[in-house]
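Model, not experiment: these values are computed from the prediction. The figures that follow rest on heavy atoms only: side chains count, while hydrogens, waters and symmetry mates do not.
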Amino acid sequence: MALFIVHLDAAYNLARWLMHDETEAEDMVQEAYVRVASHFAGFRGGDGRAWLLTIVRNSCYDRLRQKGASDRNTDFDEELHSAGREAPNPETALLLAERSELVKKSLAELPAEYREVLILREMEQLSYREIADIAGIPLGTVMSRISRARQQLQRTLFDLRNEGAVGVVFSAHTGSGRAASHVTAP
């Protein structure tokens with residue numbers, strides 16, 4: 001079990017993003033560790049992290065199927081996970097909170113299969129092969145989902161940022177002879 005305990009944070013992070021609920025995420029991680037303990041004989045060695053995250057992923061999707069899709073969009077409270085960190089100055093804190101909220105909203109709007117691969121790649125730093133093994137999909141599908149997820153995340157971030165834009169600065173003339181606009185957010 002020591003091989004899997006070191007990956008507790010990664011398991012919780014994945015469950016938290018898939019479940020959108022801290023209590024549910026804790027339950028899913030606990031259930032996954034129970035499954036790990038009861039099915040340890042089936043572990044063939046290799047990457048314990050990937051095996052554990054596969055179990056967490058499957059547990060989360062099983063629970064979501066049981067519950068139905070109706071209550072999947074519960075907001076995630078980032079402030080609870082930021083406790084204990086030194087607070088930046090108020091202006092920096094406000095800007096970080098706004099950016100964090102934009103990213104959180106954008107991630108929440110992604111379809112689950114896109115959100116999943118982005119979390120595993122960008123936050124958990126897993127290789128494409130590891131993600132393919134965890135999700136049970138071909139390597140090419142992982143690459144295309146990550147690409148599409150990044151594109152969709154970028155579009156959503158841009159749209160959300162523009163909705164809250166305070167100032168729009170227009171540059172009448174650039175070196176190329178074309179007008180350009182720059183949107184700035186607080």
Side-chain angles (χ1 to χ4, degrees), residues 1-78 80-82 99-100 102-158:
M1 283 303 286
L3 177 66
F4 301 104
I5 296 297
V6 297
H7 303 300
L8 183 62
D9 289 340
Y12 178 71
N13 192 37
L14 177 60
R16 183 179 65 176
W17 280 104
L18 291 177
M19 300 304 294
H20 291 290
D21 180 273
E22 294 175 28
T23 305
E24 287 281 341
E26 290 169 358
D27 290 346
M28 292 298 90
V29 170
Q30 184 176 9
E31 183 177 314
Y33 274 89
V34 168
R35 287 184 181 182
V36 164
S38 65
H39 294 90
F40 187 73
F43 180 58
R44 304 278 185 247
D47 189 2
R49 180 178 180 191
W51 193 63
L52 172 65
L53 292 177
T54 301
I55 294 171
V56 170
R57 175 192 182 271
N58 292 340
S59 296
C60 289
Y61 282 131
D62 288 347
R63 175 70 56 90
L64 289 171
R65 276 190 291 278
Q66 290 170 356
K67 290 176 57 178
S70 63
D71 59 350
R72 270 198 249 180
N73 294 324
T74 305
D75 286 338
F76 172 74
D77 188 0
E78 185 67 36
L80 292 175
H81 298 285
S82 300
R99 288 179 184 157
S100 176
L102 283 175
V103 171
K104 187 168 65 171
K105 284 180 180 180
S106 297
L107 275 171
E109 289 186 21
L110 289 176
E113 63 271 7
Y114 289 174
R115 187 173 51 246
E116 170 187 47
V117 294
L118 267 184
I119 297 301
L120 292 172
R121 178 69 182 154
E122 302 301 337
M123 294 184 180
E124 297 305 324
Q125 301 294 308
L126 294 176
S127 71
Y128 288 2
R129 171 58 52 205
E130 290 170 318
I131 296 168
D133 292 342
I134 289 168
I137 57 177
L139 185 62
T141 303
V142 170
M143 292 188 288
S144 66
R145 282 186 185 175
I146 288 174
S147 175
R148 289 180 184 139
R150 287 175 177 157
Q151 290 171 357
Q152 190 169 342
L153 182 68
Q154 186 176 26
R155 280 192 304 271
T156 305
L157 279 169
F158 182 77

Working to the nearest 0.5 Å, report the span between [atom1] of [X] and [atom2] of [Y].
X	Y	atom1	atom2	answer
Leu53	His7	CG	NE2	8.0 Å
Asp133	Ser127	CG	OG	7.5 Å
Thr141	Glu113	OG1	CD	11.0 Å

Side chain to side chain, [X] and [Y], heavy atoms closer than 4.5 Å:
X	Y	answer
Met28	Leu18	no
Leu118	Glu122	yes
Lys67	Glu24	yes
Glu124	Ile131	no
Tyr12	Gln30	no

*Provide the closest heavy-atom pair for Arg148 versus Tyr114 in the form atom of the first, atom of the second, distance.*
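Smallest heavy-atom distance, with atoms named: CD-OH, 3.3 Å.
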Looking only at atom types and distance, does a side-chain atom of [X] sit under 3.5 Å from a main-chain N or O of [Y], one as donor and one as acceptor?
X	Y	value
Arg115	Leu110	yes
Arg16	Asp21	no
Asn58	Thr54	yes
Ser147	Met143	no

*For side chain to side chain contact (heavy atoms under 4.5 Å, CB included), just list the numbers for Met123 and Leu107, CA-CA rounded to whole Å, side-chain angles, deciding distance to a tenth of an Å, and then say yes or no.*
CA-CA 12 Å; Met123 294 184 180; Leu107 275 171; 4.0 Å; yes
*Working for side chain to side chain contact (heavy atoms under 4.5 Å, CB included), residues Leu120 and Val142*: CA-CA 11 Å; Leu120 292 172; Val142 170; over 6 Å; no
*Passes side chain to side chain contact (heavy atoms under 4.5 Å, CB included), Asn13 versus Asp9? Steps please.*
CA-CA 6 Å; Asn13 192 37; Asp9 289 340; over 6 Å; no
*Are Glu31 and Arg63 ion-paired here, with the side-chain N under 4.0 Å from a carboxylate O?*
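Between Arg63 and Glu31 there is a salt bridge, with a charged N closer than 4.0 Å to a carboxylate O.
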*Worked check of side chain to side chain contact (heavy atoms under 4.5 Å, CB included) between Leu8 and Tyr33*: CA-CA 9 Å; Leu8 183 62; Tyr33 274 89; 3.5 Å; yes
